[in-house]
There are 2 protein chains.
Amino acid sequence: MDIRTLCLGVLSRGDATGYEIKKAFEEGPFGHIHAASFGAIYPALSALSDAGMVLGTEMAQEKRPDKKVFSITERGRTALCEALMAPPGEDKVRSDFLFILFFAHFLPAPRLADLIDRRIAWYRNCLERMESCDCEAARPGEVFVHGLGLAVYRAAAEYLAANRDRLLEEVSAGSRMVAE
Amino acid sequence: MDIRTLCLGVLSRGDATGYEIKKAFEEGPFGHIHAASFGAIYPALSALSDAGMVLGTEMAQEKRPDKKVFSITERGRTALCEALMAPPGEDKVRSDFLFILFFAHFLPAPRLADLIDRRIAWYRNCLERMESCDCEAARPGEVFVHGLGLAVYRAAAEYLAANRDRLLEEVSAGSRMVAE
DNA sequence: AGCGATATATACTGATCCGATATATAAATT
DNA sequence: AATTTATATATCGGATCAGTATATATCGCT
């Protein structure tokens, strides 16, 4: 799913600036769905604007830099619906954390403990934020995907907390064997 | 984590061809950890070879095209360990499936049902394959990450199966209301 | 006082990666 | 015969990223 479609999706729910769109993909409703960077969002909005799929309106602000608010056009809505009807590509995951953990035997135990504890805290922080989010008025798909995100994050946090000590013991035991 | 480091990681466990490295990131041990494409793997192997971090040995085969088997050098091992000690970047997720589901109200219910059922089947297929994988002789980090992948996939499959019908009903109800 | 961090904003750039393609050797399926 | 599948290497134009630059403010630390 290209970043242009992602932007159309965000704008279909309401007008937004490029900055706000980025925020939606960080800690907002799309945070566990799809990543997107400023380096891709702004050129995408520019292309969408050239193609008449969005309309950008510049506004001055007080105490803050000027901003450009984008709204989706009917042409943009049509393009979004077509994209949503296309078969989805495969999910893509890139996790430095998991890659590093795969090679846990290369790391000292205290470093491992720190990494895992930070990740557990991260998950718990996300869960708190997501649980305090009021989804009652949201659309069924939004609620469904939100619930799926909660379920997956919970499972991950629980597994990390339940298995952390064992991994650390095994890695420490492996280090002692090597030292002997 | 760049693709060069990923390749070093795969090769640290044993010699491999570029094709085999790709396979490791598809349905192999790194399947739920990090994605990587041929377009990135081959240039990365070439750069690693130029930098003396891997060694490529060309081999002829019968009934198959020639292949080039890569092995990691000591310099490569050192670079891998340094990369593993660096702070991990943020996980990146890109899921067309979740994005489409977020906008479930735009899709007809039969299409939605098909998408969800295919994904449930995909998860169950992955779980079967992962569960039949013999990890007893693996290193502690490998076992840990494997278990985490299982936990997350199970949670996702269970949530999808448990909530599928409700989503379809709500989307159908929403369509009837719009029609009225 | 100056710097860094934070937040809100837009935009750009060189590096990295992707999806698709090309090519090759085979075998199986339609 | 064409397509699909599997094993292999390699490339290319387009997409995306991480970091940077710039701007308006405020706050915290040295």
Side-chain angles (χ1 to χ4, degrees), chain A residues 1-8 10 15-28 30 34-51 54 56-70 83 86-96 99, chain B residues 1-7 10 15-28 34-51 54 56-70 83 86-96 99:
Chain A
M1 203 67 79
D2 67 6
I3 305 293
R4 270 160 295 198
T5 305
L6 299 189
C7 290
L8 290 177
V10 174
D15 297 356
T17 62
Y19 185 82
E20 284 165 340
I21 292 173
K22 177 66 157 67
K23 285 294 186 183
F25 287 114
E26 283 177 355
E27 306 190 350
F30 299 91
H34 219 293
S37 67
F38 282 130
I41 289 175
Y42 284 109
L45 286 173
S46 184
L48 287 170
S49 188
D50 292 345
V54 301
T57 309
E58 301 212 10
M59 300 184 176
Q61 295 188 101
E62 294 200 359
K63 300 189 178 186
R64 287 181 179 162
D66 295 359
K67 68 180 178 181
K68 189 189 288 188
V69 178
F70 291 90
E90 293 182 22
D91 290 7
K92 298 283 160 50
V93 174
R94 315 191 64 166
S95 173
D96 294 354
F99 186 76
Chain B
M1 206 65 81
D2 66 5
I3 306 296
R4 270 160 297 195
T5 305
L6 299 188
C7 290
V10 175
D15 297 355
T17 63
Y19 184 82
E20 285 165 342
I21 292 172
K22 178 68 156 67
K23 285 293 185 184
F25 287 113
E26 283 177 355
E27 306 191 347
H34 217 295
S37 66
F38 282 130
I41 291 175
Y42 284 109
L45 286 172
S46 183
L48 287 171
S49 188
D50 291 346
V54 302
T57 309
E58 300 213 10
M59 300 182 172
Q61 295 188 100
E62 293 201 359
K63 301 191 176 184
R64 286 180 180 164
D66 296 356
K67 67 179 176 182
K68 189 189 286 187
V69 178
F70 291 90
E90 291 182 23
D91 291 6
K92 298 284 159 54
V93 174
R94 314 192 64 165
S95 173
D96 293 357
F99 186 75

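Only a predicted model underlies this, so the values are computations on that prediction, with no experimental measurement involved.
Side-chain contact check for A/Leu45 versus A/Ile21: some heavy-atom pair is nearer than 4.5 Å. By the 4.5 Å heavy-atom criterion applied to side chains, B/Asp96 and A/Glu90 are not counted as neighbours.
Residue B/Tyr19 places none of its side-chain N or O atoms closer than 4.0 Å to OP1 or OP2 of D/dT9. For B/Gln61, no side-chain nitrogen or oxygen approaches OP1 or OP2 of D/dT7 to under 4.0 Å.
When rounded to the nearest whole Å, the span between CZ of B/Arg64 and P of D/dT5 equals 17 Å. In this entry the distance linking CG of B/Asp66 with P of D/dA10 reads 10 Å, nearest Å. Between the CD atom of A/Glu58 and the P atom of D/dA23 there is a distance of 16 Å, given to the nearest Å. Per the geometry, CD belonging to B/Glu27 stands 15 Å off C1' belonging to D/dT7, to the nearest Å.
Closest-nucleotide positions on DNA chain C for B/Lys63 and A/Val69 were compared, and the one nearer the 5' end corresponds to A/Val69.
Residue contacts shown for A/Lys23 are limited to sugar-phosphate atoms, with no base heavy atom under 4.0 Å away.
Contact between A/Asp91 and B/Ser95 at its shortest, heavy atoms only, is OD1-OG, 3.1 Å. Nearest heavy atom pair, residue B/Met59 against residue B/Val69, reads SD-CG2, 3.7 Å. Across all their heavy atoms, B/Cys7 and B/Leu48 have their closest contact at CB-CD1, 3.9 Å.
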Got a list of side-chain donor-acceptor pairs under 3.5 Å for residues 35-43 of chain B, not counting sequence neighbours?
residue: B/Ser37; atom: OG; partner: B/Ala40; partner atom: N; Å: 3.4
residue: B/Tyr42; atom: OH; partner: B/Tyr19; partner atom: N; Å: 3.3

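The NZ atom of B/Lys92 sits 14.5 Å away from atom NZ of A/Lys92, with the distance rounded to the nearest 0.5 Å. How far NZ of B/Lys67 is from OG1 of B/Thr17: 6.5 Å, rounded to the nearest 0.5 Å.
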Please write out the pairs of protein N or O atoms and N or O atoms of nucleotides 15-17 of chain D separated by less than 3.5 Å, giving the distance to one decimal.
residue: D/dA15; atom: OP1; partner: A/Arg4; partner atom: NH2; Å: 3.4
residue: D/dT16; atom: OP1; partner: A/Ile3; partner atom: N; Å: 3.1
residue: D/dC17; atom: OP2; partner: A/Ser37; partner atom: N; Å: 3.0
residue: D/dC17; atom: OP2; partner: A/Ser37; partner atom: OG; Å: 2.7
residue: D/dC17; atom: O5'; partner: A/Ser37; partner atom: OG; Å: 3.4

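More than 12 heavy atoms of other residues, nucleotides or ligands lie within 6.0 Å of CD in B/Glu26, so this atom counts as buried by the packing criterion.
First and last contacts of DNA chain C with chain A, using any nucleotide atom under 4.0 Å from a protein heavy atom and ordered 5' to 3', fall at C/dA7 to C/dG19.
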